[in-house]
Every structure is written in C-alpha cells, then in structure tokens.
2 protein chains.
Amino acid sequence: MRWSDDSSGGRRGYHHGNLREALIRAALDLIGQKGPAGFTFADAARMAGVSSAAPYRHFRDRDALLADVARRGFELFTTALDRAWNDGRPEPLRAFENIGRAFLDFARKEPAYYAAMFEAGVALESDPGLRQAADDAFAVLRKASETLCALLPRDSRPPALMMSLHVWALSHGIASLFARPDAGRRKLPMSADELLEAGVLVYLRGLGLAGGTTGGSR
Amino acid sequence: MRWSDDSSGGRRGYHHGNLREALIRAALDLIGQKGPAGFTFADAARMAGVSSAAPYRHFRDRDALLADVARRGFELFTTALDRAWNDGRPEPLRAFENIGRAFLDFARKEPAYYAAMFEAGVALESDPGLRQAADDAFAVLRKASETLCALLPRDSRPPALMMSLHVWALSHGIASLFARPDAGRRKLPMSADELLEAGVLVYLRGLGLAGGTTGGSR
DNA sequence: CATCTCATGTGAACGGCTCTTACATGAGTC
DNA sequence: GACTCATGTAAGAGCCGTTCACATGAGATG
C-alpha cells in the first residue's frame, strides 16, 4: 500500500503535499503489522513513496515520529474513555465499567496506537504534548473515580487517586498480557473483558462500592 | 567491562572458553543500561571480547539470546515468588502479600530480566522451555490463590485461576507503569509497593478474604 | 509575468547492525 | 602424533538511521 498523494489519480510531483500525515499513517500500518520494534523509518518513507531522507524534514528522528503517534494515540484514547464514561450516565457504576471495556477495546482495535503509547519505550518527556496527552487520558479515569468515591460516606471514602491508579494498572496489565494480538501469551478461561469487569467489580466491592455476591456464583 | 575469560589473569587464546555465559551476562548488562531495544548482538560480542560472528555459534540469532535471558529470568522469578510464598507461612494472607512485594522487588532489582520477560516482545513460543518457565512462575501465584480461596466457605469461593490472573495482571501493570527505572512515567502519591499492597488488600476484601475497614480510616 | 526564497524533496555517503560464508585454530580423542 | 569438530575469525551482503550538499517548485513579491 502506498500512502502517497496520488490516490486521486493525479501524478505526484517532486513535493509530496502531505508527507507528515502519510508517514504517520504508514507508521501505524507498520507498527500494527510488525510491532513497534519492527517499524522502520526507511519503510515508512518507502510506503509514502519518498526517499529515506525525506522524513527528516518532518521529524527530528525515528523516535520523534513514534512519540507523535503515541501522542495522537493518547488523544484518541482520552476521547474513547470520555465517551464511555459519559459523565457517569446512565449510572456511575455502570459507566465506570464502560470505561474498562473501552480501555480494552482500544487496546484491541488500535494495537498500533496502544503499542506506541505503552510498549515502544517512548519517553513521556520526549515531547511536552505527549505527557499532557497521557495525563489527560488518565484524568478521565481519575474523574470517574472521584465520582464513584463520592457515593461513599465521607468517613469510609478511599482516595480517588489511588483507586484510579489501581484500575489503570489492572486494565493495562490485562490489556498488555491478555488482550493484544500478541495472541498466545496465555490461554484464558474467560475473555479479557470478562476478566477486567470481574476484577473491577471485586475491587469496587472491596471498597464498599458495589453490591453483589461474594464470588463464584453469578 | 569485559566478560571474557581472562579475569583470572590468564590470557585467553583463540577459544573463549565460556562464551555462552559471557554473552548472557553481557546482554543483561546492556539491557539494564539501554533497554531491550538498545541491546545489540554486536555489542555483546565486543563486551565478551570476540568477533561479531562468534555469538552465532551459541545462539541462532539475537532473539534466541533474548529468549534465553527471558527463560532464565522466569526461573529466577519463580524462585523468588516461591520463596516469598513459603508455602503460606507464616499465614496465608501475609504470605500472599509477600508474593506481591517479591513481584515488584524483582521488577525493580532485575530490570534487565524483567524487560526480557515482559517487554522485549519475545514470543513465548520461540523456545519451548520459555513457555514452561513462564507457566511455572504463574503457577506459584496460582497455588497461593488456591490456598487462599480454600479459606472461604465452599459456596462463596471464587475461582482461584481468575483470582491469580487478577493479581498477576495488577502486579505487572503496577510494575511496568510505576516500578521501572523508566523513572518518570508518573508521579505517585505512594510507593509502588504500597500501591500494590493496598490494591491486593482491597481486592481480597472484595472476595471476602481480608478483614479491615472500607477505605481511608482504619 | 518574472523573480526570489525557502520549505520540502533527492542522492550519496558514513558508520553500525544482523546474519552468512569460507576459512583458521586448537582441545580432546584414538 | 594425527584427526576431528566445536568454536573462533575475516570479509562481505544487505539493511537501517542519520547527515549533507544540492535540486525543485509553490507562493510571495515586485
């Protein structure tokens, strides 16, 4: 597949026209196919139909491109989580579970973005916008946690930040271990979604937030 | 640092004597310094004081060396978790928390092994021994979970496999997000150990396994 | 319209990496 | 002492990241 500009039939001349975007699309394609380690600046350039030096007009180096992909990934991630939370509707507890599903959904449906965000070893500091985007994504979960915590009586209210860190870590753990196209890391007796939902429910019950039974049944 | 055989003063001749081990130690050194992506077969060869073609006498390719490091890592990991569990002594609940601490301890003190095991993208299938070693490590946690589950009345007993998957995922999530020398992924209001311990306690309480309060106060 | 400028592209080159091949060495064996 | 074969080397093909000098042409300016 070539991401050059001539998709509209017109011949592309010396200048590409939108190389920056083309490179990012190529990167997503390649990361999706071969993982973040297998992705190559030269390959992306080939895909875009330009010489291997051209990308340097748009990104300082390979890592900068990766960081940009990660940043965009976090922005999409924030949107997805936010939509799932939907300001706590129809009901905080259910909305909270929706966030969990959205987390895994994103990891499954956008493996390239997810890999760039969490597995490519991109330093969050490499781009100021990147850290911000990552923080924004986390903020969605944090806000949701605060809403849930507020349901509890003041004297038995857990710290919302801690709660969001727990859920974030559990979600990422399940995503990276069991929900990647990595495939056969391990065979599961249940889907990753069910696993996460059950885990969050147990956790919330431990905080006194979810009713329900104590284990096996249901 | 050179890992060649002449550490005992003797000059090394044409043959190294123990290149395989030397390469693995070099790999650990390099992965520890520059991450699994930065590790280089050629660098390891240089460190061992041999030509860049020599490693191929001992490992099919770079990935095979990485896989071997990962396998050894899982073996050490199994030992560490097993020692922490110590057959449930002095008391199952406390022993279970010890596993959590041992998990993070390993991630912190053996970042090179941990990276090879969980972050290098080594396929578990690349080496039959690798999958086995990984399964063995998980089995420790699974056995501990079974012991804990058995403390509950039969009709409210959660599936031990599910429980071990939850704790495994939470531990790995916290380790990979907050306990790596990656350093500044995010600022925490508490240590990774405290975070994991608190998370496991809340989770266990949700299963009806740990007593205690419902959050902030105690 | 003619010209100028500067962002964006090219080609060639450097060094480094993975991996292969043909050949060298020498430790252990008969 | 001669042989063998695991283990080493040197050289090289093909890749990649990155840089540099140079080419191109789109848009501003007169």
Which whole-number value in Å describes the distance from [X] [atom1] to [N] [atom2]?
X: A:Phe59; N: D:dT19; atom1: CZ; atom2: P; value: 15 Å
X: B:Phe39; N: C:dG16; atom1: CZ; atom2: C1'; value: 15 Å
X: B:Asp61; N: C:dT20; atom1: CG; atom2: P; value: 8 Å
X: B:Arg46; N: C:dG15; atom1: CZ; atom2: C1'; value: 11 Å
X: B:Asp43; N: C:dG15; atom1: CG; atom2: P; value: 17 Å

Query raised in the report: Heavy atoms, side chains only, cut-off 4.5 Å: are A:Phe77 and A:Tyr113 in contact?
Result: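 A side-chain contact under 4.5 Å is absent here.
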Which residues share a ring pair (Phe, Tyr, Trp, His ring centres under 6.0 Å) with [X], sequence neighbours left out:
X: B:Phe138; result: B:Trp168
X: B:Tyr203; result: B:His166
X: A:Phe41; result: A:Tyr56

Query raised in the report: Which residue pairs pass the salt bridge (charged side-chain N to carboxylate O under 4.0 Å, His left out) test with at least one member in residues 194-204 of chain A, sequence neighbours excluded?
Result: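 Those involving residues 194-204 of chain A are A:Arg101-A:Glu197.
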Query raised in the report: Which part of the nucleic acid, if any, lies within reach of A:Tyr56 when heavy atoms closer than 4.0 Å are counted: base, sugar-phosphate only, or nothing?
Result: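 Touches a base.
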Query - Set of residues satisfying salt bridge (Lys or Arg N to Asp or Glu O under 4.0 Å) with respect to B:Arg72, sequence neighbours excluded - result: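 Here the qualifying residues are B:Glu21, B:Asp68.
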Query raised in the report: Out of B:Ser164, B:Pro158, B:Pro159, which residue meets the side-chain contact (heavy atoms from CB on, under 4.5 Å) rule with B:Cys149?
Result: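 By the side-chain contact (heavy atoms from CB on, under 4.5 Å) criterion, B:Cys149 pairs with just one of B:Ser164, B:Pro158, B:Pro159: B:Pro158.
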Who passes side chain to side chain contact (heavy atoms under 4.5 Å, CB included) against [X], sequence neighbours left out?
X: A:Ser51; answer: A:Ala53, A:Ala54
X: B:Ala67; answer: B:Val122, B:Ser126, B:Leu130
X: B:Ala37; answer: none

Query raised in the report: How bent is the helix from C:dC1-D:dG30 to C:dC30-D:dG1, comparing axes over its five end pairs at each side, to the nearest 10°?
Result: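 Axis angle across the helix from C:dC1-D:dG30 to C:dC30-D:dG1, nearest 10°: 10°.
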Report task. Please name all residues satisfying side chain to side chain donor-acceptor pair (under 3.5 Å) with A:Asp136, sequence neighbours left out, ordered by chain then number. Result ->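 Residues passing side chain to side chain donor-acceptor pair (under 3.5 Å) with A:Asp136: A:Gln132.
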Report task. Go through residues 64-72 of chain B and report each residue with a non-hydrogen atom lying under 4.0 Å from DNA chain D, sorted by number. Result ->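 Those residues whose heavy atoms fall under 4.0 Å from DNA chain D, taken from residues 64-72 of chain B, amount to none.
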What N/O pairs connect the protein and nucleotides 7-10 of chain C at under 3.5 Å? Give each pair on its own line.
residue	atom	partner	partner atom	Å
C:dG9	OP1	A:His16	N	3.0
C:dG9	OP2	A:His58	NE2	2.6
C:dG9	N7	A:Arg57	NE	3.0
C:dG9	O6	A:Arg57	NH2	2.1
C:dG9	N2	A:Tyr14	OH	3.0
C:dG9	N3	A:Tyr14	OH	2.6
C:dT10	OP2	A:Ser51	N	2.5
C:dT10	OP2	A:Ser51	OG	2.9
C:dT10	O4'	A:Tyr14	OH	3.4

